[in-house]
Amino acid sequence: MKRTARAFWLRSPGHGGIRDVPLPEPAADDVVVRTLFTGVSRGTESLVFRGGVPESQHRAMRAPFQDGEFPGPVKYGYLNVGVVEEGPGHLTGRTVFCLYPHQTRYVVPAGAVTPVPDGVPPARAVLAGTVETAVNALWDAAPLVGDRIAVVGAGMIGCSVAALLARFPGVRVQLVDADPARASVAAALGVGFALPGDALGGCDLAVHASATEAGLARSLELLAPEGTVLELSWYGDRRVSLPLGEAFHSGRLVVRGSQVGRVSEARRSRRTFADRLALSLDLLADPVFDALVTGECAFDDLPSVLRDIAAGDLPGLCHRVRYAGA
């Protein structure tokens, strides 16, 4: 009998649902994975849900195991933790992370999954893709001992960056966000917090992850001369104005983009995608990252939950999706 699974599909912008999908017969070097948890990547998946991926970026924005095409129908997502039910002996029974969409079971090559370390709970491991983005960003930014750093935007990415920066010796890290409720998250991560108007200036580095024009402008204002803004925000099809007057030229300021789709140039010759992901999973042994998970729902509720997240009606950081048997 043909095996099937259930998957979330975006039928068209703003309209998603769960449908039955056939599973291919696994080859000798494939694994069959039963999903335990997935995570919603709020910024990117909201853009996809709203149909906001610009046509010029359709290829660049493809998820590794995406089915369909933007703007829809499309099966999209990349934060999946499950248990290997069939496959090579060294993986059978292991909990693994995979860049797979929201689906109850799936078949992928064995090389596409990464074992979750024993010290990392499966429910926390859904953050691996987010922490991986933060790792790549810090390889790009190369902060130094004693740096003064602002992280502007306390979403999933910004908080992950701040959590890693909190481990750097002598570094002053301040998480900056317009929502005063994010102060409690900053405290859990062990970093300072400020509203945008109260943020400390004189920064050597500002990591921008608010996906707002105002946040980018404030990031530039917080820099010391010859400081750098590392831009992590993804704006989709929105145009953003950048204030290049005032102190931009006299201060010799820098705005640099960073994106997880390629390993940072600073490490590309010595680290692979697999190395970067394995490192990110190791870092998740720290329970401080639990502060980044602020909501959970059952898989069957995902269509309505994604609609509410995309509409801004369900604020928070990582929203975790729980599957039967987890």
Side-chain angles (χ1 to χ4, degrees), residues 39 41-45 47 57 60-61 78-79 97 99 126-145 147-169 171-177 182 185-186 189-192 199 203-212 215-216 218-220 222-223 227-236 240 242 253-284 286 288-289 291-292 317-318:
S41 181
R42 281 180 175 265
T44 304
E45 292 194 54
L47 274 170
Q57 295 300 301
M61 284 296 297
Y78 46 80
L79 301 174
F97 177 87
L99 298 169
V126 295
L127 294 167
T130 306
V131 174
E132 184 181 16
T133 300
V135 167
N136 206 60
L138 293 182
W139 282 350
D140 278 334
L144 300 176
V145 172
D147 273 359
R148 295 159 294 181
I149 303 173
V151 180
V152 180
M156 288 173 63
I157 300 298
C159 286
S160 295
V161 170
L164 296 183
L165 284 171
R167 304 171 179 219
F168 279 61
V171 168
R172 185 193 81 191
V173 185
Q174 191 170 59
L175 193 57
V176 180
D177 199 274
R182 296 295 164 88
V185 179
L189 300 178
V191 299
C203 293
D204 304 287
L205 170 68
V207 179
H208 181 236
S210 81
T212 67
L216 179 54
R218 187 62 178 137
S219 298
L220 281 168
L222 295 176
L223 292 180
T228 296
V229 170
L230 189 75
E231 176 60 276
L232 296 181
S233 300
W234 167 243
Y235 298 95
V240 176
L242 185 64
L253 305 182
V254 174
V255 178
R256 181 181 182 189
S258 177
Q259 207 272 342
V260 73
R262 299 182 69 185
V263 174
S264 168
E265 184 179 7
R267 293 293 181 270
R268 199 173 300 156
S269 66
R270 302 185 297 281
R271 300 290 190 276
T272 64
F273 286 106
D275 292 333
R276 190 179 65 184
L277 181 55
L279 169 61
S280 303
L281 282 163
D282 286 340
L283 291 169
L284 281 168
D286 190 340
V288 72
F289 286 101
L292 274 61
L317 298 174
C318 177

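Numbers for residues simply follow the sequence, beginning at 1.
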Item to check | Check: Leu216 and Val229 side chains under 4.5 Å, non-hydrogen atoms | outcome: yes
Item to check | Minimum heavy-atom distance between Leu232 and Ala209, given as atom pair plus value | outcome: CB-CB, 4.4 Å
Next on the checklist: Could you check whether any side-chain heavy atom of Thr130 comes within less than 4.5 Å of a side-chain heavy atom of Ser41, counting everything from C-beta outward?
Outcome noted: no
Checklist entry - What's the spacing between Leu277 CG and Thr272 OG1 if we round to 0.5 Å? => result 9.5 Å
Item to check | Rounded distance [0.5 Å steps], CD in Gln174 versus CG in Leu222 | outcome: 8.0 Å
Checklist entry - Does any non-hydrogen side-chain atom of Gln259 lie less than 4.5 Å from one of Trp234? => result no
Item to check | Interatomic distance, Thr228 atom OG1 to Asp140 atom CG [nearest 0.5 angstrom] | outcome: 11.0 Å
Checklist entry - Under a 4.5 Å cut-off applied to non-hydrogen side-chain atoms, are Leu317 and Cys159 in contact? => result yes
Checklist outcome for this item: Separation between CZ (Arg256) and CG (Leu230), nearest 0.5 Å, reads 7.0 Å
Item to check | Nearest non-hydrogen partners of Ser280 and Ala128, listed with the distance | outcome: CB-O, 3.8 Å
Checklist entry - How would you list, by chain and number, every residue that makes a side-chain contact (heavy atoms from CB on, under 4.5 Å) with Asp204, sequence neighbours excluded? => result Asp147, Arg148
Checklist entry - Does the side chain of Leu144 reach to within under 4.5 Å of the side chain of Phe168, using non-hydrogen atoms? => result no
Next on the checklist: For the CH2 atom of Trp139 and the CZ atom of Arg276, what is their distance to the nearest 0.5 Å?
Outcome noted: 7.0 Å
Item to check | Neighbour count above 12 (heavy atom, 6.0 Å) for Arg262 CZ | outcome: no
Checklist entry - Shortest non-hydrogen contact from Leu253 to Leu220? => result CD1-O, 4.0 Å
Checklist entry - Would Ser264 and Asn136 count as having a side-chain donor-acceptor pair, cut-off 3.5 Å? => result no
Next on the checklist: Is there a side-chain contact (heavy atoms from CB on, under 4.5 Å) between Leu284 and Phe97? Walk through the geometry before answering.
Outcome noted: CA-CA 12 Å; Leu284 281 168; Phe97 177 87; over 6 Å; no
Checklist entry - Would a 4.5 Å heavy-atom cut-off, applied to side chains only, mark Glu231 and Ser219 as touching? => result no
Checklist outcome for this item: Looking only at heavy atoms, the pair that brings Gly215 and Val152 closest together is O-CG1, 3.7 Å
Checklist entry - So Ser160 and Leu292, side-chain contact (heavy atoms from CB on, under 4.5 Å) or not? Walk me through it. => result CA-CA 8 Å; Ser160 295; Leu292 274 61; 3.2 Å; yes
Checklist outcome for this item: Rounding to 0.5 Å, atoms CG (Leu127) and SG (Cys318) come to a distance of 5.0 Å
Item to check | Test: Asp286 and Arg167 ion pair at under 4.0 Å | outcome: yes
Checklist entry - Which heavy-atom pair separates Val191 from Ala166 by the least distance, and what is that distance? => result CG1-CB, 3.7 Å
Checklist entry - Do the non-hydrogen side-chain atoms of Met156 and Thr133 ever get within less than 4.5 Å of each other? => result no
Item to check | pair Val171-Val145: side-chain heavy atoms closer than 4.5 Å | outcome: no
Next on the checklist: Any side-chain to backbone donor/acceptor pair from Ser233 onto Ala211? Under 3.5 Å, distance only.
Outcome noted: yes
Checklist entry - Considering all heavy atoms of both residues, which atom of Glu132 and which atom of Phe273 are nearest to each other, and what is their separation? => result OE2-O, 3.8 Å
